[in-house]
Amino acid sequence: MQERYEAGVVERAAQDYWDAQGSFEAREDPNRAKYYCLSMFPYPSGRLHMGHVRNYTIGDVLARFMRMQGLNVLQPMGWDAFGLPAENAAIANGVPPATWTRENIAYMRRQLRSLGFAIDWTRELATCDPSYYRWNQWLFLRMLERGIAYKKTGVVNWDPVDQTVLANEQVIDGRGWRTGAPVEKREIPMYYLRITDYAEELLEALDQLPGWPERVRVMQANWIGRSEGVELAFPYAEDTRALLGSEGTLNVFTTRADTLYGVTFMAISAEHPLAAAAAAGNSALAAFVEQCRHGSTMEADVASAEKRGMATGLHVRHPLSGQNVAIWVANYVLMAYGGGAVMGVPAHDERDFAFAQRYGIAIRTVVASSHGAYETVGSSWQPEYGEHGVLIDSGEFSGLRSSAAVDAIAAVLAGKGLGRKRVQWRLRDWGISRQRYWGCPIPLIHCPRCGEVAVPDEQLPVVLPEHLVPDGSGNPLARLSEFVNCECPRCRGPARRETDTMDTFVDSSWYFLRYTCTDQDRAPLDERARYWLPVDQYIGGIEHAILHLLYSRFWTRVVRDLQLLPLSEPFANLLTQGMVLNQIYYRTLADGRRQYLNPADVEPQFDASGARVGAVSLKDDAPVEYGGLGTMSKSKNNGVDPQTLVEKYGADTARLFTMFAAPPEQSLEWSDEGVQGQYRFLRRLWKAVYDHVGEDNLPRLDLRSLAGESAPSEAGRTLRRAAHQTLAKVTADISRRRTFNTAIAAVMELLNAVGHYQERGEVPHAVRHEALEIAVLVLSPIVPHICHSLWFALGHTTAIIDERWPEPDSQALAQSLVELVVQVNGKLRARLQLPVGAARERALDAALADPRVQRFVAGKAVRKAIHVPDKLLNLVV
RNA sequence: GCGAAAGUGGCGGAAUGGUAGACGCGCUGGCCUUAGGAGCCAGUGGGGCAACCCGUGAGAGUUCGAGUCUCUCCUUUCGCACCA
């Protein structure tokens, strides 16, 4: 064993060993319990960032820990390889997205390997490989057959200069990212997946996911958004019938059917068909409708916009009173929710109130506060106006409480065929068509005679040509005649191939199923999926809390309903790791712009108490401003390159720091000093083992001899107990609490104790040996390379990767004396050494004999004494 | 606006209702070294010579005992956002 810890040498040796042994290749074994540990696969953007390192280290620690627990562990890795950045890179550099993507994958794979993750690389997949997306296409066709997939028109962002569809992220302040032209909305045919059919199930099953963070479940529940209410039909009045030339009703959804008698207007979305019909003969209204269409599509902007509207001049009849109610077009009504129309009840809805006040519409109070807060709605909005209460001025329903009134009104309306109770969902169907090149082709053919025809299964996959270079205008696929022109599978006549590709969320909605059988070329899944699934632990960023996880839950249910896998919930446990933050440093330039300096080029300055007082640039020694903490980003120039870190300190230091600096779910603040501290710890660990094995080897610890003459000294017993307590704590911290930071801290304490005793020579060699073995074993999931070397150095001939996680020795944990904390009136006054299990009287006597205790008890009567055996005694005087 | 989480030393962070500040960083002093951005030792919440006192965003409450539980408020972060 060499004296100096050289991370590069150590890490290469360990990785070579694992590769040669195929240590991480997982095999199905029905006789062994499995553990499927999954980290969200990366987008191959070019290089790993610290967020990846953190994500994959958490997964790796769990995978290695569970492996040592004896479980059959699968930890796969792959690439979310389709998507827009590859097209942008193609536009910028003239390189085909396929080339750019595959080069990035090759580079990032090397980076992942250099970090020593226990990944089964034989199962690697990339979503841009036909062997993967073939099954996207196959599954899409099965959904089409069952009506889960369907076609309807959808609204897209259209750049009029480039003549191309823009993704939401390509629209900046309402303008195209390349041309700066104002973006228009266009309606085009698209394919949708009927996720709303699964809304109820997706919502209810959230309660059966105890292994998911509460906030993720809440976010999903809000996203699905279930509301119970009543659908109401307002029959057209004469003017509306005359305009449309037909009978009919304007249908709305409401959760407050009890306020039906308070309706004084109807509001419809500018996109509602009735608005278009009314605008046909009304140029002012047409102008207003057009104005609404050009507004921002960002929902947050829409939400803060002023309430505006215009009367259509048309009316409907109130379903109960029969009175005419005017229809308005209003900018606050969403077309996509509840039919694009609402009943306006200004007295009991804040938005309707604001609208009515602006346009002088009548406000009619029909609910009185049940706790006497108000009888009639006043001239400024009060939150209690929106609460439930007792109905007034509501015909036969007056006097009912709101909840009873909803039922009663719904029943009466149902009798007239003008209403029914129903559930409304916020969740909308999932549009998967993208007018983009670098994605999975939608396997359809458009035939002038037969219409839309599915590509037959035996012709799958529809392979995406990989040599195209998009230029930013339109989809290059649509210009490639050998792709577009094809034969209709039904009539053999000339036909056109669909050129839209699938949303990349499709790719990521089932990759975790496919890992179990990436080599299966006759079906998307086989029986191996039944062995491995569900995923036991999923780890990834909180940014995927809604869409990716919801789509995956949906897709898994579809796969279930296709009889491919009897599974509803794909992820049994979910860990959402926090962000990686770093300091931001900048200078303000003469023109007022900020120049950001990378924290690596800056030296922070501290005062004598250790407080940060400023920083100077390492390049010119001039001061720089400290701009607080922020997520690592290019724009703030505060990223840390994992590659540099690995080269300088090694993968183990990188892994150790990310696990030590914060609990996994919290944000992690980067600190170069902290990294050095972890590096220092690894060197001390190395040195401790080096010094230890350099001494003459004494016999190994013999547990049977503990009581005899060779029993360890008092110090030896203490260190032994500390070692086994550390083992117990680390086990609990990793397996139950997932607080890797405290687990590492515990091992640091143990190592400090070893060093402390090593210096004094009070501890038998064998006890120290055991303590070092425990330290190395429990650290090995976190810093596997150094532990690989140290294990051999400690005299083992087999690799630590195949060791089992040890159990704490109860004999070692036993102690004869314990510290008893003595409080007087809840304040700490003394610590006593007492035998384990000392009785209450014994503890009390010992406490009262202590001079420090006496000082506070003197002259007063002890009214009460609370005794927690072996722990605490509180005297109340 | 609605929902969720969180406020603890100079900093990151520890504390099944029972010793507040583990562990690490930074800082201070010392040792060693030709030298060190290496290593080792000691110290490091505030006040006080000390005995002690005060300290977990603010205020109340429950309790023998509250960083932890309850209520009110303040602040921050995150998510959703005209969802009828």
Side-chain angles (χ1 to χ4, degrees), chain A residues 213-219 221-223 225-227 229 252-256 259 267 298-307 330-334 336-339 341-345 349-352 354-355 383 424-428 542-543 545-546 578-579 581 603-604 606-613 657 660-663 665-678 680-681 683-684 687 739 741-749 751-752 755 759 819-831 852 855 863-868 871-877:
Chain A
E214 171 72 17
R215 69 173 176 146
V216 174
R217 286 185 285 162
V218 167
M219 281 161 75
N222 290 342
W223 190 261
R226 184 181 197 273
S227 322
V252 300
F253 174 79
T254 180
T255 55
R256 292 298 304 274
T259 64
M298 297 289 291
E299 295 201 323
D301 297 342
V302 176
S304 55
E306 217 181 335
K307 308 258 175 305
N331 66 345
Y332 69 94
V333 180
L334 302 173
Y337 187 82
V342 300
M343 62 181 208
V345 185
D349 182 282
E350 188 173 2
R351 296 152 303 178
D352 296 346
F355 192 80
Q424 171 73 37
W425 302 93
R426 205 196 81 107
L427 183 69
R428 298 163 203 177
I542 187 72
E543 67 274 17
I546 297 178
M579 307 263 203
L581 311 178
E603 172 139 17
F606 304 94
D607 68 12
S609 70
R612 178 191 298 272
V613 289
F657 174 75
F660 178 70
E665 309 233 54
Q666 279 180 37
S667 58
L668 180 156
E669 187 179 325
W670 196 260
S671 153
D672 286 326
E673 295 78 21
V675 172
Q676 281 170 34
Q678 300 313 300
R680 207 147 42 221
F681 170 70
R683 276 199 317 237
R684 274 176 46 225
K687 182 83 173 4
T739 51
N741 55 330
T742 52
I744 295 166
V747 184
M748 286 175 168
E749 269 186 275
L751 197 68
N752 288 343
E759 203 160 281
E819 186 182 85
L820 184 82
V821 171
V822 182
Q823 298 178 332
V824 178
N825 287 342
K827 282 195 189 303
L828 171 71
R829 296 302 177 191
R831 300 152 198 265
R852 282 193 13 118
R855 215 171 25 241
R863 287 202 349 247
K864 199 169 173 184
I866 288 95
H867 181 228
V868 182
K871 227 176 167 184
L872 176 133
L873 181 70
N874 187 15
L875 304 175
V876 185
V877 300

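Quick note on labels: first sequence line is chain A, next is B, and so on, each numbered from 1. Here the structure is a predicted model, which is why all the values come from computation and not from measurement.
No donor-acceptor distance shorter than 3.5 angstrom exists from the side chain of A:Asn741 to the backbone of A:Ala661, with no hydrogens or angles considered. Judged by distance alone, with hydrogens and angles left aside, the side-chain atoms of A:Asp352 form a donor-acceptor pair with the main-chain N or O of A:Val345 at under 3.5 Å. When atom types are taken as modelled, the side chain of A:Thr254 and the backbone of A:Arg256 share a donor-acceptor pair closer than 3.5 angstrom.
As judged by a 4.0 angstrom heavy-atom cut-off over every strand, A:Asp349 is placed among residues making no nucleic acid contact. Counting non-hydrogen atoms under 4.0 angstrom, A:Gln424 reaches nothing in the nucleic acid. Across all strands shown, A:Glu819 has heavy atoms under 4.0 Å from base atoms, whether or not it also approaches the sugar-phosphate. A:Gly225 comes within 4.0 angstrom of no nucleic acid atom, judged by non-hydrogen atoms across all strands.
Within a 6.0 Å radius of CZ in A:Arg683, more than 12 heavy atoms belonging to other residues, nucleotides or ligands are found.
At least one side-chain nitrogen or oxygen of A:Lys864 sits closer than 4.0 Å to the OP1 or OP2 atom of B:rC64. Side-chain N/O atoms of A:Asn825 include none lying less than 4.0 angstrom from OP1 or OP2 on B:rC64. When the side-chain nitrogen and oxygen atoms of A:Asn752 are compared with OP1 and OP2 of B:rG24, one or more of them lie within a distance under 4.0 Å. Side-chain N/O atoms of A:Arg852 include one lying less than 4.0 angstrom from OP1 or OP2 on B:rC52. At B:rC82, none of the side-chain N or O atoms of A:Arg426 fall inside 4.0 Å of OP1 or OP2 (strictly under the cut-off).
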